[in-house]
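Sending over a structure as structure tokens; questions will come in a sec.
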Amino acid sequence: SYTPYAAYEWAVQLFSAEKFAEVVALESLMLKAKDQSSNVLWLLGEASAEQGRWGEAENHFKALSGLEGPAAKARSTYGLAQLKYIQEKWSESGAAFYAFANQFKRSENAPAALLKSGQAYYNAEMPKEAVASWSALIKQYPKHALVPDATKQAALLELDLKNYDAAQGF
């Protein structure tokens with residue numbers, strides 16, 4: 001018999017096995033069964049993105065924001081930022097991840113968003129913004145496990161820019 005939890009667990013297993021088309025098919029059925037949980041929409045967005053179906057992925061991530069509660073809005077915002085990153089829209093992704101981190105400072109994903117923001121800005125050849133993102137991670141979450149990565153990235157970028165004093169500050 002169908003239960004939303006069992007179907008969701010099956011979808012997670014399919015996603016782990018990189019069977020993205022099957023995930024989309026299963027979760028589309030789940031949506032028709034009126035199971036519009038944030039987990040279903042999140043996996044649909046990810047699976048669609050993995051298949052390069054950008055419009056569908058964007059629609060699923062946007063649908064998340066219509067669900068109740070701040071957690072759904074946070075997942076929606078993060079998913080949309082991630083989608084821009086996957087599409088290599090570097091400056092847009094950097095800005096979206098930075099905005100996410102500022103809007104959802106208490107989210108467990110905020111430090112990762114700042115790290116990705118820095119990486120996206122670096123890829124967009126926007127060094128000031130990259131350093132600002134990594135610096136925000138270091139200052140706002142000084143004990144987080146990603147701080148050494150942000151410190152290294154910022155210091156190396158400052159060295160590349162021949163900003164030796166700034167590099168030593170990291």
Side-chain angles (χ1 to χ4, degrees), residues 2-124 126 129-130 132-137 139-141 144-146 149-150:
Y2 173 84
T3 66
Y5 183 77
Y8 171 72
E9 287 298 313
W10 187 27
V12 169
Q13 290 174 3
L14 290 170
F15 188 86
S16 297
E18 297 186 9
K19 295 182 177 181
F20 304 118
E22 290 88 343
V23 172
V24 171
L26 174 62
E27 294 196 340
S28 293
L29 290 173
M30 292 169 71
L31 289 176
K32 287 178 185 170
K34 305 294 184 222
D35 180 13
Q36 297 227 352
S37 72
S38 64
N39 290 336
V40 171
L41 291 169
W42 178 261
L43 271 181
L44 269 171
E46 282 194 324
S48 297
E50 289 289 338
Q51 293 180 313
R53 296 159 66 178
W54 312 124
E56 288 179 32
E58 184 175 358
N59 289 338
H60 295 307
F61 289 134
K62 283 182 177 178
L64 273 168
S65 67
L67 299 179
E68 292 290 322
K73 177 67 174 162
R75 286 185 97 180
S76 171
T77 303
Y78 192 89
L80 290 167
Q82 181 66 20
L83 183 59
K84 291 177 189 328
Y85 192 90
I86 292 169
Q87 292 175 294
E88 298 182 2
K89 294 181 178 180
W90 301 124
S91 62
E92 290 178 44
S93 175
F97 276 122
Y98 197 84
F100 170 87
N102 283 324
Q103 185 176 359
F104 301 102
K105 291 180 191 283
R106 293 186 179 172
S107 167
E108 66 183 30
N109 291 326
L114 287 170
L115 186 68
K116 279 201 162 184
S117 173
Q119 292 167 336
Y121 280 134
Y122 176 83
N123 291 342
M126 300 171 71
E129 292 83 356
S133 294
W134 293 323
S135 294
L137 169 55
K139 289 175 187 164
Q140 293 175 24
Y141 307 96
H144 196 276
L146 293 176
D149 291 336

(Q) Show me the pairs that pass salt bridge (charged side-chain N to carboxylate O under 4.0 Å, His left out) and involve residues 96-108, at least two apart or across chains. (A) none
(Q) Measuring from atom CG of L115 to atom NE2 of H144, what distance do you get when rounded to the nearest 0.5 angstrom? (A) 9.5 Å
Q.
Parallel, tilted or perpendicular: which one describes the rings of F104 and F100, with boundaries at 30° and 60°?
A.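 The arrangement is tilted - the two ring planes meet at 30° to 60°.
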Q.
Please give me the minimum heavy-atom distance between A101 and A113, naming the atom from each residue.
A. CB-CB, 4.3 Å
Q: For Y98, check ring-ring contact (aromatic ring centres under 6.0 Å, His included) against everything at least two apart and list the hits.
A: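 Residues passing ring-ring contact (aromatic ring centres under 6.0 Å, His included) with Y98: none at all.
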Q: To the nearest 0.5 Å, tell me how far N123 CG sits from K116 NZ.
A: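 Here the rounded value is 11.0 Å.
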Q.
Are Y78 and F97 an aromatic pair, judged by ring center distance below 6.0 Å?
A.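 Aromatic pair counts; centres sit under 6.0 Å.
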Q: Of all the heavy-atom pairs spanning A57 and A49, show the shortest one and how long it is.
A: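 Closest pair (atom of A57, atom of A49, distance): CB-N, 3.7 Å.
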Q. Taking all non-hydrogen atoms of both residues, which atom of S93 and which atom of A120 are closest, and how far apart?
A.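 It is OG-CB, 3.9 Å.
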Q: Quick one: closest heavy-atom pair of Y121 and S91, and the distance?
A: CE2-O, 3.9 Å
Q: Consider only side-chain N and O atoms of K19 and Q13, and report whether a donor and an acceptor are under 3.5 Å apart.
A: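 Judged by distance alone, the side chains do not pair up.
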Q.
If you apply the rule side-chain contact (heavy atoms from CB on, under 4.5 Å), what do you find for L41 with L67, and how did you get there?
A. CA-CA 10 Å; L41 291 169; L67 299 179; 3.8 Å; yes
Q) At what distance, to the nearest 0.5 angstrom, does CG of L44 lie from CG of L64? A) 9.5 Å
**Q.** Distance-minimising heavy-atom pair for L137 and P111
**A.** CD1-CB, 3.5 Å
Q | From CA spacing to verdict: side-chain contact (heavy atoms from CB on, under 4.5 Å), W134, D149 | A | CA-CA 9 Å; W134 293 323; D149 291 336; over 6 Å; no
Q | Distance-minimising heavy-atom pair for S76 and K62 | A |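 So the minimum-distance heavy-atom pair works out to OG-CA, 4.0 Å.
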Q) Got a second to check how far R53's CZ is from E58's CD, nearest 0.5 Å? A)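 Rounded to the nearest 0.5 Å, the CZ-CD separation comes to 14.5 Å.
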Q. Under 6.0 Å between ring centres, would you say that holds for W90 and Y122?
A.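 Ring centroids of W90 and Y122 are no less than 6.0 Å from each other.
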Q. At what distance, to the nearest 0.5 angstrom, does CD of Q87 lie from CD of Q82?
A. 10.5 Å
Q | Verdict with supporting geometry, E46 and H60, side-chain contact (heavy atoms from CB on, under 4.5 Å) | A | CA-CA 9 Å; E46 282 194 324; H60 295 307; over 6 Å; no
Q | Results of ring-ring contact (aromatic ring centres under 6.0 Å, His included) for F61 - residues two or more places apart only | A |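 W42.
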Q) Tell me, do E56 and Q51 make a side-chain contact under 4.5 Å, heavy atoms counted? A) no
Q | Distance (rounded to the nearest 0.5 Å) between N109 CG and R75 CZ | A | 9.0 Å
